Amino acid sequence: MRRQTGFTLIELMITVIVVGVLTAIAIPSYTQYVQRSNQSSAQQFMVEVASRAEQYRMDARDFPDGFSADDGDLDIAVPDRVKKYYDITLDADNSASPPTYTVSADPRDGTSQDGMDTLTLDAAGNKSPSDAW
């Protein structure tokens, strides 16, 4: 009598279940990792914009009126990695005493960042939402 070798149906089913459970755990963790990475890139760029706005104020005595990647006063372009997931804006209020600004990063609809909070950074260094920074 010849002995047959191979896997039984039960062994294959158990393997498929184990792989399914590991995948169910790994995909959400990876998605959160990607979201945090994209958010961190936006935050780093926002800090750079704020720094440039402060430098601009030292020279011009006012904050720039806005932020434009092509012809803005700050001479800085939004990196592709940030531009893909966030809309970055710089809103200045030079009529206030002292003048102020707010840098905002609004998540783009239809991306992995969709549904996340808008990030803001103001002239006083206040960052919101506080749990995202």
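Position 1 is the first residue of the sequence; numbering continues from there. This one's a predicted model, so the numbers in the text were calculated from it and none came from an experiment.
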Subject >> Exercise: identify the closest heavy-atom pair between Glu11 and Gly6 >> reply: OE1-O, 4.3 Å
Subject >> Transitive ILVMFWY side-chain link Tyr101 to Leu119, under 4.5 Å >> reply: yes
Original post:
How long is the gap from CG on Asp62 to OH on Tyr56, to the nearest 0.5 Å?
Top reply: 8.0 Å
Original post:
Any donor-acceptor pair under 3.5 Å linking the side chain of Thr31 with the backbone of Ile27?
Top reply: yes
**OP:** Measure across Gln113 and Val34 and return the closest heavy-atom pair with its distance rounded to 0.1 Å.
**Re:** OE1-O, 4.3 Å
Subject >> Spatial distance of atom CG (Asp106) from atom CG (Asp117) [nearest 0.5 Å] >> reply: 10.5 Å
Subject >> Non-hydrogen side-chain atoms of Gln35 and Pro107 separated by less than 4.5 Å >> reply: no
Original post:
Once you round to the nearest 0.5 Å, how far does CG of Leu121 lie from OG of Ser51?
Top reply: 10.5 Å
Original post:
Do Asp93 side-chain atoms and Thr100 backbone N/O form a donor-acceptor pair below 3.5 Å?
Top reply: no
Subject >> ILVMFWY network linking Ile14 to Leu22, side-chain heavy atoms under 4.5 angstrom >> reply: yes
Original post:
Taking side chain as C-beta onward, heavy atoms only, is Phe63 less than 4.5 Å from Leu90?
Top reply: no
**OP:** Taking atom types as modelled, find out whether Asp122 and Thr102 have a side-chain donor-acceptor pair closer than 3.5 angstrom.
**Re:** no
Subject >> Closest approach of Ala105 to Met46 (non-hydrogen atoms, all atoms of both residues) >> reply: CB-SD, 3.5 Å
Original post:
Relative to Tyr85, does Arg108 satisfy both conditions: NZ or CZ under 6.0 angstrom from the six-membered ring centre, and within 45 degrees of the ring's axis?
Top reply: no
**OP:** Identify the two heavy atoms, one from Ile76 and one from Phe45, that lie closest to each other, and give their separation to 0.1 Å.
**Re:** CD1-CE1, 3.6 Å
**OP:** State whether the side chain of Thr23 and the backbone N or O of Val19 hold a donor-acceptor pair below 3.5 Å, judged by distance alone.
**Re:** yes
Subject >> Closest contact, heavy atoms only, Asn38 versus Tyr86 >> reply: O-CE1, 3.7 Å
Subject >> Nearest-0.5 Å distance that lies between atom CD in Glu54 and atom CE in Met58 >> reply: 6.5 Å
Subject >> From CG (Asn94) to CZ (Arg61), nearest 0.5 Å >> reply: 13.0 Å
**OP:** Check whether Ile25 and Tyr33 end up in the same hydrophobic cluster, where Ile, Leu, Val, Met, Phe, Trp and Tyr are linked by side-chain heavy atoms less than 4.5 Å apart.
**Re:** no
